[in-house]
There are 2 protein chains.
Amino acid sequence: MLNYRHLYYFWMVSKEGGFARAAERLDMAIQTISVQVRELEKSLGHQLLKPEGRGVALTEAGRVAFARAEGIFQIGEALPEAVRDAASRRVVRLAVGLSDGISKLAAHALLGPVLDTPDLRLICHEGEFEQLQTELALHRLDLVLTGQAAPSNPNLRLSCDRLLSSPVVWYGPAYLVGQDMMDSFPQSIERLPVLLPTGHSALRSGLDHWFNDLGLKPQVVGEFEDSALMSLFAARGLGVFPVSRRGADDLARSSGLALLGECENVVEEIYAIRNRRGEQHPLVQQILARAAA
Amino acid sequence: MLNYRHLYYFWMVSKEGGFARAAERLDMAIQTISVQVRELEKSLGHQLLKPEGRGVALTEAGRVAFARAEGIFQIGEALPEAVRDAASRRVVRLAVGLSDGISKLAAHALLGPVLDTPDLRLICHEGEFEQLQTELALHRLDLVLTGQAAPSNPNLRLSCDRLLSSPVVWYGPAYLVGQDMMDSFPQSIERLPVLLPTGHSALRSGLDHWFNDLGLKPQVVGEFEDSALMSLFAARGLGVFPVSRRGADDLARSSGLALLGECENVVEEIYAIRNRRGEQHPLVQQILARAAA
DNA sequence: GCCAAGCTTCGCAAAATACGAAGGAAGACC
DNA sequence: GGTCTTCCTTCGTATTTTGCGAAGCTTGGC
């Protein structure tokens, strides 16, 4: 394994342009530096410094090593202050990944419990499931919300829980959704313009099944990746759309949308993927606890 | 100073999700890891891991430290291989910064001696003088060529040498530069369309002086930052232009340009700025040696 | 040819790192 | 509730690494 102390001395020698200067800067004996750098060279199997006149110069390998060392120690020298900052700072960072195809409205509902955390800094990141899983493993994310259960992968040390399993309801603009439409639901849906999630989502599969079972042939006027966008277009009169009941609570109030009816046997599910136990974010635990309740 | 060994153990503990796993992975006793990580916390002055159930979890400070550590050790783990690659690779990297306002033709002439180095990988980077100086100090460049002497700055450990001081000559397309024009040079220049370097360059100042001293009022049809571009436009018939004699040797041959005449008392100078002695690139030395000859 | 600056080698002291043994704390399981 | 297992911690000691004084060795300048 690479010895970072040796590397540090090598870095300083390169930066200062010689053992003597480096030793002075480090307030150490010159021979110590000399020996330790030699150790580094031995462990890497290549000469990094070569004698040049009465000083030393970098070899090609040394040039590369120096460039990397520069990167390492630039981060390293800033680390203590970064830690102090983080410790004194009151803001709590929470990085959430939202998998493509997840209902943004439901995601928002799930994150709701922590949104009023004082000094919260919420980072929402969308992307492909695989990519998010990677970022989670690399600790760039604290939590990933996804529409389908993750293939449990013990290598990555991730755990997956179902956070939400909510019946799906239909909403639409009030002027389209009259009493007659509600009464004759679900058949009435054939007489209404319909917005659907795109085919990539788990919810779409469930809905297609539901249409098929009931022998319904809906008139699809739009397909949306994003449920929030879908609800916006619906509110502007484009048509009626499905959404999980949880997360739809405030739709009627806030956007002039009316409840049309509820699907039987169609549920939207959301799964939470997170790092292995023991590295959890307090807010993540809060979200999971609230969702379980 | 930050102890990278401690940091490494902390990183591994975070990554593996516990002391026990980390110890197993590192093939070390668990208590060693425990103590060393505690040392890191002590030296940083903040707790990085907190007990959680029967494992441990990252604190906010720990989260930050872990992110930095990830950066550090990702570089570090790739370093040995990078060094091996560099050592076995035969290509020689030479990164040269060309200051804005320098004559590209002269720069090319100066770099000429090393251009036929086998397996050369030449990186040419243009930019403001200050910026290039910074990159030089950060070892991202091996050499900076500039039109004016650098203010010697002992802090940055850079040295500056005059590489070239060459008389300035005028070239123009052969059909413009007839024998009569050559004979009546420099007065004939008033009867020719003239291209000049832009006002930012040292060469331009010298030329303005020269015009003034001789009482010449040239008809300026173009100003160029870039001498190579200027020579291209000149070759296409736009006008006559000044260029340092060195670096102009092949102009007449290759581009249908003819020598008009030579300025008295106007020189183009090029300075080489490089890192302190002992960190020099072999090719840089070659360039300097050749230029001095 | 001599001096001064700079790197290297050698042998020993100091410091850090590492581990066995023993102890405590928190879920898991009956 | 009791017991078991897993995990983290503390303590005392062995081992390794790191650091330094003293004495070479090489190179360039005078």
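To find a chain, count down the sequence lines: A is the first, B the second, and so on, and within it residues start at 1.
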Original post:
Should R93(A) and E60(B) count as an ion pair when the cut-off is N to O under 4.0 Å?
Top reply: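 No, this pair does not count.
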Subject >> Proximal nucleotide (of dT8(C), dC19(C), dT9(D)) relative to the A29(B) side chain >> reply: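 Nucleotide nearest to A29(B)'s side chain: dC19(C).
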Subject >> Nearest-nucleotide pick for F19(B), side chain only, options being dC8(D), dC7(C), dT18(D) >> reply: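 So the side chain of F19(B) is nearest to dC8(D).
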Subject >> Candidate pair Q36(A) and H6(A), rule side chain to side chain donor-acceptor pair (under 3.5 Å), full reasoning >> reply: CA-CA 5 Å; Q36(A) 307 274 59; H6(A) 295 169; 3.3 Å; yes
Original post:
Among residues 31-44 of chain B, which residues get a heavy atom nearer than 4.0 Å to DNA chain C?
Top reply: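 Here the set is Q31(B), T32(B), Q36(B).
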**OP:** Specify the separation, in whole Å, of atom CE of M28(A) and atom P of dA15(C).
**Re:**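 To the nearest whole Å, that distance equals 14 Å.
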**OP:** Take the protein atom CG of N3(A) and the nucleotide atom C1' of dA16(C), then report the distance between them rounded to whole Å.
**Re:**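 Taking atom C1' of dA16(C) as the reference, CG of N3(A) is at 12 Å.
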Original post:
For A20(A) and R5(A), take the nucleotide of DNA chain C holding the closest heavy atom to each; which residue's nucleotide lies nearer the 5' end?
Top reply: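 Comparing both residues, the 5'-ward one is A20(A).
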Original post:
Got a donor-acceptor contact below 3.5 angstrom from the S14(A) side chain to the F66(A) backbone?
Top reply: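 No; judged by distance alone, with no hydrogens or angles, the pair does not exist.
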Original post:
Among W11(B), F10(B), Y4(B), Y9(B), which one satisfies ring-ring contact (aromatic ring centres under 6.0 Å, His included) with F73(B)?
Top reply: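 So, applying the ring-ring contact (aromatic ring centres under 6.0 Å, His included) to F73(B) and each of W11(B), F10(B), Y4(B), Y9(B), only W11(B) qualifies.
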Subject >> Inter- and intrachain pairs under salt bridge (charged side-chain N to carboxylate O under 4.0 Å, His left out), touching residues 67-89 of chain B, at least two apart >> reply: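 Those involving residues 67-89 of chain B do not exist here.
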Original post:
Is the distance from OP1 or OP2 of dG19(D) to the nearest side-chain N or O of Y9(A) less than 4.0 Å?
Top reply: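 Affirmative; the distance criterion is met.
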Original post:
Taking OP1 and OP2 of dT18(D), is either one under 4.0 Å from a side-chain nitrogen or oxygen of H6(A)?
Top reply: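 The answer is yes; a side-chain N or O of H6(A) sits under 4.0 Å from OP1 or OP2.
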